[in-house]
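Everything below concerns the one structure shown next.
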Amino acid sequence: MIKSSGELKTVQLRFKPATKDFNDLLDSGYLRSLWQKIGSSYILAAQKVTGLSFNCEGIVVRCGKLEHTMSGLSGSQAIQIATHHKRSDDEFEHLRMSDDGLIGSLTHELGHRLLERNGIFIPTSVILGHDYEAHRLIYLFLYDSWVLAFGKYKADGIAKYDTDKFSIPGYKEAWDWAMSLSPSERAGLTRYLVRNKRLPKVGEAL
């Protein structure tokens, strides 16, 4: 378990059902119980790996049978976590996503939120059109945050489920790019990103 030190601090997550559906209420309670066991470790690890702070005391997370998982287009909006895979236009899988899948989705969206709260983001027009650049930013530190918070074995398990998103254009390319780098190379680029609020151009010195 990572201990808070210096400017590192925990952030309280408030879990709420996405709708008034009873299953969504159950799902929000289930994700809350998962997060209570490991959440502070991830929050502190992500801040330590990036050198950033979430700059807020609390974040609302809405859970349930949602169309998409999203970090929210504004730091003041709730994070949305889809707890079931969608089978068709109006039908969802009966079984809730795995624990690693839920934690992967939530920590992924918190990664976006951490950057956004510090003025590091790709314009919405780019995100909605193609996700490669937006996900290069968080994949620089997401896996290393999992390793620091949970250990490599657990991190690899979460990564297996987070990479289910590879059907979305740009996700796989961004992940492959980040994972082709060594941990020290990712750390160096993360420092550059935090300092300049962008990644370096080709040939630009760090």
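- Atom OG1 of T190 sits about 11.0 Å away from atom CG of L142, to the nearest 0.5 Å.
- Side-chain contact between I103 and W146 is absent, with no heavy atoms from C-beta onward closer than 4.5 Å.
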Original post:
Given H68 and Q80, is the side chain to side chain contact (heavy atoms under 4.5 Å, CB included) satisfied, shown in steps?
Top reply: CA-CA 7 Å; H68 301 292; Q80 296 185 18; 5.9 Å; no
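- To the nearest 0.5 Å, the span separating CZ on R186 from OG on S180 amounts to 8.5 Å.
- At distances below 3.5 Å, not a single donor-acceptor pair connects side-chain atoms of R117 with backbone N or O atoms of S53.
- Under the rule for a side chain to side chain donor-acceptor pair (under 3.5 Å), the partners of R96 that lie at least two apart in sequence or sit in another chain are D27.
- In this structure, the side chain of S105 does not engage the main chain of L102 through any donor-acceptor pair within 3.5 Å.
- Using a 4.5 Å heavy-atom threshold, the side chains of K65 and K86 count as separate.
- Between the side chains of D176 and Y139, no donor N or O sits under 3.5 Å from an acceptor N or O.
- Side-chain contact between L189 and F141 is absent, with no heavy atoms from C-beta onward closer than 4.5 Å.
- Residue L52 holds its CG atom at 6.5 Å from CG of L115, rounded to the nearest 0.5 Å.
- Between L199 and W177 the shortest heavy-atom distance is CD1-CH2, 4.1 Å.
- Side-chain atoms of R32 come within 3.5 Å of backbone N or O of F15 as a donor-acceptor pair.
- Atom CD1 of I79 and atom CZ of R62 lie 12.0 Å apart (nearest 0.5 Å).
- Residues passing the side chain to side chain contact (heavy atoms under 4.5 Å, CB included) test with A82, sequence neighbours excluded: L66, T69.
- Looking at K197, its side chain does come within 3.5 Å of a backbone N or O of N118 through a donor-acceptor pair.
- Taking the side chain as every heavy atom from C-beta outward, L140 and L181 approach each other to under 4.5 Å.
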Subject >> Check against side chain to side chain contact (heavy atoms under 4.5 Å, CB included), V60 and R14 >> reply: CA-CA 5 Å; V60 174; R14 291 179 289 154; 3.3 Å; yes
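- Taking both residues in full, the closest heavy atoms of K201 and R198 are given as N-NH1, 3.9 Å, listed atom of the first, atom of the second, then distance.
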Original post:
Hey, mind stepping through D100 and K154 against salt bridge (Lys or Arg N to Asp or Glu O under 4.0 Å) and telling me if it holds?
Top reply: CA-CA 8 Å; D100 281 350; K154 180 72 170 177; 2.6 Å; yes
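- Between the CG atom of L26 and the CG atom of D21 there is a distance of 8.5 Å, given to the nearest 0.5 Å.
- L114 and A46 get closest at one heavy-atom pair: CD2-O, 3.9 Å.
- Annotation for Q12: atom CD does not count as buried by contact number, only 12 or fewer foreign heavy atoms lying within 6.0 Å.
- No path of Ile, Leu, Val, Met, Phe, Trp and Tyr side chains, each step under 4.5 Å between heavy atoms, connects Y161 with V61, placing them in separate hydrophobic clusters.
- Considering all non-hydrogen atoms of both residues, M70 and E109 come closest at C-OE1, 3.5 Å.
- Test D24, L25, L31 against S28 for side chain to side chain contact (heavy atoms under 4.5 Å, CB included) and you get one pass: L25.
- Residue S41 comes nearest to A149 through the heavy atom pair O-CB, 3.5 Å, listed as atom of the first residue, atom of the second, then distance.
- For K152, the side chain to side chain donor-acceptor pair (under 3.5 Å) criterion is met by D156, not counting sequence neighbours.
- Heavy atoms only, all atoms of each residue included: S145 and A45 are closest at O-CB, 3.6 Å.
- Looking at Y42, its side chain does come within 3.5 Å of a backbone N or O of T107 through a donor-acceptor pair.
- Using a 4.5 Å heavy-atom threshold, the side chains of L110 and V11 count as separate.
- Between H112 and H135, the ring centre distance stays below 6.0 Å.
- The structure places CD1 of I81 at 9.0 Å from CG of L13, a figure rounded to the nearest 0.5 Å.
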